[in-house]
Q: 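Let me begin by handing over the structure; questions about it come next.
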Amino acid sequence: MMGRSPLKPGRGWLSLAFWIVASLITLFPIYWMFVVSAKSRVELFGAPNFIIRSFFVENYTATLSNPTFQRYMLNSIIVATSNALLVTTLALLATYALSRYRLVGKENIFFWTITNRMAPPAVFLLPLFLLFTQTFTIGSFSLYDTRIGLVLLYCVFNLPFAIWTLRGIIDAIPRELDEQAMVDGCNTWQVLTGVIFPLAKPGLAVTAILTWVFAWNEYLFAATLTSVNARTITTGLAEFVTVTGTNWGQMAATATLTLVPALVFLGLVQQHIVAGLTFGAVKE
């Protein structure tokens, strides 16, 4: 039987060079943002220079000492983290029910959930604005300009995506594991927390990362449905653009600092992204 022909050395080097170039193109905007954040206004409006010769730390100190930036950053962390936890939990429960129980029309339910992501977000802007400012106003309480309002709103748009992301993970877990656990005396909740949850950690980690990033980067709804108290860091970047000009240095410094929570969150969950947790899990 003929074996597979080995990869030619020239083709391997060509593939490596391609990915190096692609990586450099992808990372260059981040590098340029950092370069802009490290320069003063005089250097920025001078001759273009891609090398940092002197680090203008005032851009970062002015941003970090700004109470408005601190409030915006805290709002973004709370909203994105709460949304990721809520969406991942609800998606796990919904996907387990749709995967394990014989529900009438469950395939239609799966398709119906993803239709919420098909329309552009701007279509929902006016109805949501009316709901937040009028319908859900009870006495002095209103969802407008609140963190819980953004969390619930992002949950509406991220939950369908999370369900579809977890569907393949839950379906890949053998049903025999559920049956064995129930034979040993476990109820449905114990099966979900003791069997499904540990095996689905890779999918849950990916789902949490994606939903967190979506909520962290969202701009349209945050800019429209908040004004002062619940504004996020993405909407705060627009405040550097004024009628007198744009403070590019502090804007780039703020954008660079917004990468730090994202990197920390990715570092916390990346250890759970492993493959092959279900291999050999079924007892003989």
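Note that these values count all heavy atoms, side chains included, but never hydrogens, waters or copies made by symmetry.
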Q: Once you round to the nearest 0.5 Å, how far does OG1 of Thr165 lie from CD1 of Ile170?
A: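 Answer for the OG1-CD1 pair, Thr165 versus Ile170, is 11.5 Å.
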Q: Spell out, yes or no, whether Val191 and Ile169 are grouped together once hydrophobic residues are joined by side-chain heavy atoms under 4.5 Å, including indirect joins.
A: no
Q: Tell me who clusters with Leu74, hydrophobic residues only, linked when side chains sit under 4.5 Å apart either directly or through other members.
A: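 Traced through the cluster, Leu74 reaches Ile78.
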Q: Leu93 and Trp189: which non-hydrogen atoms are nearest, and at how many Å?
A: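 Result for this residue pair: CD2-CZ3, 4.2 Å.
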Q: What distance do Asn66 atom CG and Thr61 atom OG1 have between them, rounded to the nearest 0.5 Å?
A: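 So the gap between those two atoms works out to 11.0 Å.
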Q: Between Thr188 and Tyr96, which heavy-atom pair has the shortest distance, and what is it?
A: CG2-CE2, 3.9 Å
Q: Who are the salt bridge (Lys or Arg N to Asp or Glu O under 4.0 Å) partners of Arg167, not counting sequence neighbours?
A: Glu107, Asp171
Q: Name every donor-acceptor pair, under 3.5 Å, that has one atom in a side chain of residues 19-34 and the other anywhere in the protein, sequence neighbours excluded.
A:
from: Ser23; atom 1: OG; to: Trp19; atom 2: O; distance (Å): 2.8
from: Thr26; atom 1: OG1; to: Ala22; atom 2: O; distance (Å): 2.8
from: Tyr31; atom 1: OH; to: Phe50; atom 2: O; distance (Å): 2.4

Q: Rounded to the nearest 0.5 Å, what separation is found between the CZ atom of Phe69 and the OG1 atom of Thr258?
A: 7.5 Å
Q: Examine Phe45 and Val35 and state if one hydrophobic cluster contains both, with Ile, Leu, Val, Met, Phe, Trp and Tyr joined whenever side-chain heavy atoms are less than 4.5 Å apart.
A: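 Yes; tracing contacts between hydrophobic side chains, which count when under 4.5 Å, links both residues.
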Q: Name the atoms and distances for all side-chain donor-acceptor pairs under 3.5 Å in residues 147-157, with sequence neighbours left out.
A:
from: Arg147; atom 1: NE; to: Asn75; atom 2: OD1; distance (Å): 2.7
from: Arg147; atom 1: NH2; to: Asn75; atom 2: OD1; distance (Å): 2.8
from: Tyr154; atom 1: OH; to: Glu218; atom 2: OE1; distance (Å): 2.6

Q: Applying salt bridge (Lys or Arg N to Asp or Glu O under 4.0 Å), which residue pairs with at least one partner in residues 221-243 are found, sequence neighbours left out?
A: Arg231-Glu239
Q: Restricting to side chain to side chain donor-acceptor pair (under 3.5 Å), what partner residues turn up for Thr235, sequence neighbours left out?
A: none
Q: What are the two closest heavy atoms between Thr63 and Ala253, and how far apart are they?
A: OG1-CB, 4.2 Å
Q: Taking the side chain as everything from C-beta on, heavy atoms only, tell me whether Trp212 gets closer than 4.5 Å to Val87.
A: no
Q: So, Glu43 side chain and Ser40 main chain: donor-acceptor pair closer than 3.5 Å or not?
A: yes
Q: Are Leu237 and Tyr219 connected in a single hydrophobic cluster, I mean Ile/Leu/Val/Met/Phe/Trp/Tyr linked by side-chain heavy atoms less than 4.5 Å apart?
A: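 In one cluster with Tyr219: Leu237, no.
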Q: Could you report the tightest heavy-atom contact between Phe132 and Ser142, atom names first, then the distance?
A: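 That would be O-OG, 3.0 Å.
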Q: Tell me whether Thr211 contacts the main-chain N or O of Ala208 through its side chain, where contact means a donor paired with an acceptor under 3.5 Å.
A: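 It does hold such a pair.
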Q: Check whether Ile196 and Val183 end up in the same hydrophobic cluster, where Ile, Leu, Val, Met, Phe, Trp and Tyr are linked by side-chain heavy atoms less than 4.5 Å apart.
A: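 They do not share one cluster, since no chain of ILVMFWY contacts under 4.5 Å joins Ile196 to Val183.
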Q: Of all residues at least two apart in sequence or in a different chain, which pass the ring pair (Phe, Tyr, Trp, His ring centres under 6.0 Å) check with Phe161?
A: Phe214
Q: Does some side-chain heavy atom of Leu128 sit less than 4.5 Å from a side-chain heavy atom of Thr224?
A: no
Q: Is it true that the side chains of Asp145 and Ser227 contain a donor and an acceptor less than 3.5 Å apart?
A: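 The criterion, which ignores hydrogens and geometry beyond distance, is satisfied for Ser227 and Asp145.
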Q: Only pairs at least two apart or in different chains count here, so list each salt bridge (Lys or Arg N to Asp or Glu O under 4.0 Å) that has a residue in residues 91-100.
A: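 Counting only pairs at least two positions apart or across chains, the salt bridge (Lys or Arg N to Asp or Glu O under 4.0 Å) contacts touching residues 91-100 are Arg100-Asp178.
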Q: Considering only heavy atoms from C-beta outward, does the side chain of Arg71 approach that of Val228 to under 4.5 Å?
A: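 A side-chain contact exists here, since the closest heavy-atom pair is under 4.5 Å.
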Q: Applying the side-chain contact (heavy atoms from CB on, under 4.5 Å) criterion to Thr95, which one of Thr207, Leu90, Ile163 satisfies it?
A: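 It is Ile163, the one option of Thr207, Leu90, Ile163 that forms the side-chain contact (heavy atoms from CB on, under 4.5 Å) with Thr95.
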Q: Calculate, to the nearest 0.5 Å, the distance between atoms CG and OG1 belonging to Leu225 and Thr146 respectively.
A: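 If we round to the nearest 0.5 Å, Leu225:CG and Thr146:OG1 are 9.0 Å apart.
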Q: Tell me every residue that passes ring pair (Phe, Tyr, Trp, His ring centres under 6.0 Å) with Tyr60, counting only those two or more places apart in sequence or in another chain.
A: Phe55
Q: Any chance you could pull the hydrophobic cluster mates of Leu85, using side-chain heavy atoms under 4.5 angstrom and chaining through other members?
A: none
Q: Measuring from Thr254:OG1 to Tyr72:OH, what's the distance to the nearest 0.5 Å?
A: 11.5 Å
Q: For Gln190, enumerate each residue passing the side-chain contact (heavy atoms from CB on, under 4.5 Å) test, keeping only those at least two apart in sequence or located in another chain.
A: Cys186, Asn187
Q: Tell me whether Ile173 shares a hydrophobic cluster with Phe197, the cluster being built from Ile, Leu, Val, Met, Phe, Trp, Tyr side chains joined at under 4.5 Å.
A: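 Shared cluster, yes.
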Q: Supply the atom-to-atom distance Leu166 CG to Thr88 OG1, rounded to the nearest 0.5 angstrom.
A: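 Spacing of CG (Leu166) from OG1 (Thr88) equals 7.5 Å.
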Q: Where do Ala230 and Thr226 come nearest, in terms of heavy atoms and distance?
A: O-CG2, 3.7 Å
Q: Please report, to 0.1 Å, the donor-acceptor pairs under 3.5 Å made by any side chain of residues 244-251, with sequence neighbours excluded.
A:
from: Thr244; atom 1: OG1; to: Thr242; atom 2: OG1; distance (Å): 3.1
from: Asn247; atom 1: OD1; to: Gln250; atom 2: N; distance (Å): 3.3

Q: If I compare all heavy atoms of Ser37 with all of Asn59, which pair ends up nearest, and what's the gap?
A: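 So the two residues come closest at O-ND2, 2.9 Å.
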